[in-house]
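Structure first, then comments.
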Amino acid sequence: HDAGIGLPCGTFIVAIDIDIMEPETAAKVEREVLAIAGVSEAPVRTGRYPKRALIFRPEGHVVSRSKKWKDQAGNTHGLDILASSVDGKSGKQIVAFGKHPDTGRAYVWRGGSPATVHRDALPVLTPDMASKILECLVKYGASSEHHAPTIPTTTPVVSIARRSAT
(Lines give C-alpha, C1' and ligand atoms only; values in the text may rest on other atoms or scores of the structure.)
Protein backbone atom coordinates (compact mmCIF):
# COMPACT_ATOMS: atom_id res chain seq x y z
CA HIS A 1 0.00 0.00 0.00
CA ASP A 2 1.11 3.54 -0.68
CA ALA A 3 0.72 5.52 2.53
CA GLY A 4 0.66 9.29 2.52
CA ILE A 5 1.90 11.61 5.23
CA GLY A 6 -0.90 13.63 6.77
CA LEU A 7 -0.70 16.80 8.84
CA PRO A 8 -3.28 17.49 11.54
CA CYS A 9 -5.20 20.69 10.95
CA GLY A 10 -6.50 23.03 13.62
CA THR A 11 -3.90 24.11 16.14
CA PHE A 12 -0.81 24.51 13.98
CA ILE A 13 -2.09 24.74 10.40
CA VAL A 14 -5.36 25.23 8.55
CA ALA A 15 -5.90 24.05 4.99
CA ILE A 16 -8.27 25.52 2.43
CA ASP A 17 -9.06 22.59 0.14
CA ILE A 18 -10.39 23.82 -3.21
CA ASP A 19 -12.18 20.90 -4.89
CA ILE A 20 -13.05 22.52 -8.19
CA MET A 21 -12.34 20.67 -11.45
CA GLU A 22 -12.75 23.70 -13.73
CA PRO A 23 -9.22 25.24 -14.01
CA GLU A 24 -10.26 28.87 -14.45
CA THR A 25 -12.72 28.78 -11.54
CA ALA A 26 -10.23 26.96 -9.27
CA ALA A 27 -7.63 29.67 -10.02
CA LYS A 28 -10.16 32.45 -9.36
CA VAL A 29 -11.17 30.94 -6.02
CA GLU A 30 -7.48 30.58 -5.05
CA ARG A 31 -6.91 34.28 -5.83
CA GLU A 32 -9.98 35.23 -3.76
CA VAL A 33 -8.78 33.13 -0.81
CA LEU A 34 -5.39 34.85 -0.93
CA ALA A 35 -6.99 38.31 -1.24
CA ILE A 36 -9.26 37.67 1.76
CA ALA A 37 -6.19 36.56 3.75
CA GLY A 38 -4.41 39.74 2.62
CA VAL A 39 -1.47 37.93 1.00
CA SER A 40 -0.22 37.31 -2.52
CA GLU A 41 0.83 33.70 -1.96
CA ALA A 42 0.62 30.69 0.35
CA PRO A 43 1.98 27.16 0.02
CA VAL A 44 -0.27 25.27 -2.42
CA ARG A 45 -0.49 21.48 -2.73
CA THR A 46 -1.84 19.86 -5.89
CA GLY A 47 -2.57 16.19 -6.37
CA ARG A 48 -5.28 16.12 -9.03
CA TYR A 49 -5.08 19.35 -11.01
CA PRO A 50 -6.88 21.76 -10.94
CA LYS A 51 -7.92 20.83 -7.39
CA ARG A 52 -5.57 22.33 -4.78
CA ALA A 53 -5.11 23.05 -1.09
CA LEU A 54 -3.55 26.15 0.50
CA ILE A 55 -2.09 26.08 4.00
CA PHE A 56 -2.23 28.85 6.58
CA ARG A 57 -1.40 29.46 10.23
CA PRO A 58 -4.59 29.80 12.28
CA GLU A 59 -5.01 32.85 14.47
CA GLY A 60 -7.96 32.28 16.77
CA HIS A 61 -10.26 29.25 16.73
CA VAL A 62 -10.83 28.39 13.05
CA VAL A 63 -13.51 25.69 12.73
CA SER A 64 -13.78 23.08 9.97
CA ARG A 65 -16.56 23.92 7.52
CA SER A 66 -17.49 22.98 3.99
CA LYS A 67 -19.48 24.08 0.95
CA LYS A 68 -20.53 21.89 -1.96
CA TRP A 69 -22.45 22.93 -5.06
CA LYS A 70 -23.25 21.92 -8.62
CA ASP A 71 -22.54 24.10 -11.62
CA GLN A 72 -24.93 24.52 -14.56
CA ALA A 73 -23.49 21.39 -16.21
CA GLY A 74 -24.20 19.33 -13.09
CA ASN A 75 -20.56 19.00 -11.98
CA THR A 76 -20.04 18.95 -8.20
CA HIS A 77 -17.55 21.43 -6.73
CA GLY A 78 -16.57 22.20 -3.17
CA LEU A 79 -14.33 23.95 -0.72
CA ASP A 80 -13.35 22.56 2.67
CA ILE A 81 -11.79 24.47 5.52
CA LEU A 82 -9.77 21.78 7.27
CA ALA A 83 -9.29 22.99 10.83
CA SER A 84 -10.50 22.23 14.38
CA SER A 85 -13.79 20.81 15.53
CA VAL A 86 -16.19 23.22 17.21
CA ASP A 87 -15.05 22.04 20.66
CA GLY A 88 -11.36 22.31 19.63
CA LYS A 89 -10.61 18.76 20.77
CA SER A 90 -10.07 17.28 17.32
CA GLY A 91 -9.56 18.36 13.75
CA LYS A 92 -9.26 17.30 10.15
CA GLN A 93 -6.03 16.48 8.37
CA ILE A 94 -4.48 17.13 4.99
CA VAL A 95 -2.38 14.61 3.10
CA ALA A 96 0.79 16.60 2.48
CA PHE A 97 3.12 14.04 0.94
CA GLY A 98 2.66 10.76 -0.90
CA LYS A 99 0.78 9.67 -4.00
CA HIS A 100 -2.66 10.91 -4.91
CA PRO A 101 -5.06 7.92 -4.84
CA ASP A 102 -6.69 8.77 -8.20
CA THR A 103 -3.68 9.90 -10.26
CA GLY A 104 -1.00 7.71 -8.70
CA ARG A 105 1.37 10.69 -8.90
CA ALA A 106 3.14 12.43 -6.04
CA TYR A 107 1.58 15.54 -4.53
CA VAL A 108 3.33 18.69 -5.79
CA TRP A 109 3.88 21.89 -3.77
CA ARG A 110 4.12 25.45 -5.10
CA GLY A 111 5.33 28.33 -2.92
CA GLY A 112 7.03 26.01 -0.43
CA SER A 113 5.76 23.04 1.52
CA PRO A 114 5.33 22.15 5.19
CA ALA A 115 8.83 20.63 4.94
CA THR A 116 10.39 23.92 3.78
CA VAL A 117 8.23 26.72 5.22
CA HIS A 118 8.31 27.27 8.98
CA ARG A 119 4.87 27.52 10.56
CA ASP A 120 5.57 31.10 11.73
CA ALA A 121 6.20 32.08 8.08
CA LEU A 122 2.79 30.83 6.91
CA PRO A 123 0.15 33.44 6.15
CA VAL A 124 -2.48 33.91 8.87
CA LEU A 125 -6.10 32.82 8.61
CA THR A 126 -8.64 34.04 11.19
CA PRO A 127 -12.19 32.79 11.83
CA ASP A 128 -13.53 35.95 10.17
CA MET A 129 -11.42 35.34 7.06
CA ALA A 130 -12.66 31.72 6.93
CA SER A 131 -16.27 32.94 6.98
CA LYS A 132 -15.58 35.46 4.21
CA ILE A 133 -14.01 32.71 2.07
CA LEU A 134 -17.18 30.63 2.36
CA GLU A 135 -19.36 33.68 1.66
CA CYS A 136 -17.46 34.47 -1.56
CA LEU A 137 -18.44 31.06 -2.99
CA VAL A 138 -22.10 32.07 -3.35
CA LYS A 139 -21.29 33.79 -6.66
CA TYR A 140 -20.08 30.42 -8.01
CA GLY A 141 -23.37 28.72 -7.10
CA ALA A 142 -22.75 27.61 -3.50
CA SER A 143 -25.55 27.97 -0.99
CA SER A 144 -25.18 30.23 2.03
CA GLU A 145 -25.31 27.20 4.41
CA HIS A 146 -22.09 25.81 5.99
CA HIS A 147 -21.45 22.15 6.76
CA ALA A 148 -18.74 20.18 8.52
CA PRO A 149 -16.45 18.71 5.84
CA THR A 150 -16.55 15.01 5.10
CA ILE A 151 -13.22 13.83 3.74
CA PRO A 152 -13.22 10.31 2.29
CA THR A 153 -10.31 8.16 3.42
CA THR A 154 -9.17 6.03 0.48
CA THR A 155 -5.42 6.09 1.17
CA PRO A 156 -3.77 5.05 4.43
CA VAL A 157 -2.30 8.11 6.10
CA VAL A 158 0.51 8.39 8.60
CA SER A 159 -0.22 11.47 10.67
CA ILE A 160 2.67 13.63 11.87
CA ALA A 161 1.86 15.58 15.04
CA ARG A 162 4.06 18.16 16.72
CA ARG A 163 5.58 16.72 19.88
CA SER A 164 7.08 18.58 22.81
CA ALA A 165 10.74 18.09 23.71
CA THR A 166 9.88 16.87 27.23
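Residues take their numbers from the sequence shown, with the count starting at 1.
For the atom pair OG (Ser66) and CD1 (Ile81), the distance works out to 8.5 Å, reported to the nearest 0.5 Å.
The minimum heavy-atom distance between Tyr107 and Pro101, with the atom names listed, is OH-CD, 3.7 Å. Pairing each heavy atom of Asp17 with each of Ala53, the nearest pair is OD1-CB, 3.9 Å.
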Just list the side-chain donor-acceptor pairs under 3.5 Å for residues 33-48, sequence neighbours left out, or say none.
residue	atom	partner	partner atom	Å
Arg45	NH1	Val95	O	2.6

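The hydrophobic cluster containing Val63, built from Ile/Leu/Val/Met/Phe/Trp/Tyr side-chain heavy atoms closer than 4.5 Å, also comprises Val86.
By the salt bridge (Lys or Arg N to Asp or Glu O under 4.0 Å) test, Asp71 pairs with no residue at all, sequence neighbours left out. With sequence neighbours left out, the side-chain contact (heavy atoms from CB on, under 4.5 Å) criterion links Pro127 to Val62. With sequence neighbours excluded, no residue satisfies side chain to side chain donor-acceptor pair (under 3.5 Å) with Thr103. Scanning for salt bridge (Lys or Arg N to Asp or Glu O under 4.0 Å) contacts around Lys70 gives an empty result, with sequence neighbours left out. The side-chain contact (heavy atoms from CB on, under 4.5 Å) test applied to Val124 returns Arg57, Glu59, Thr126, not counting sequence neighbours. Residues satisfying the side chain to side chain donor-acceptor pair (under 3.5 Å) criterion with Asp87, sequence neighbours excluded, are Ser85. Checked against salt bridge (Lys or Arg N to Asp or Glu O under 4.0 Å), Glu32 has the following partners two or more places apart in sequence or in another chain: Lys139. Glu24 pairs by the side-chain contact (heavy atoms from CB on, under 4.5 Å) definition with Glu22, Lys28, not counting sequence neighbours. Every residue two or more places apart in sequence or in another chain was checked for a salt bridge (Lys or Arg N to Asp or Glu O under 4.0 Å) with Arg105, and none qualifies. Here Ala121 pairs with Val117 under the side-chain contact (heavy atoms from CB on, under 4.5 Å) rule; sequence neighbours left out.
Between Lys68 and Asp80 a salt bridge is recorded (basic side-chain N to carboxylate O distance below 4.0 Å).
Put simply, the side chain of Trp69 does not reach to within 4.5 Å of the side chain of Thr76, judged on heavy atoms. No side-chain heavy atom of Phe56 sits less than 4.5 Å from a side-chain heavy atom of Ile13. With a 4.5 Å cut-off on side-chain heavy atoms, Tyr49 and Pro23 count as touching.
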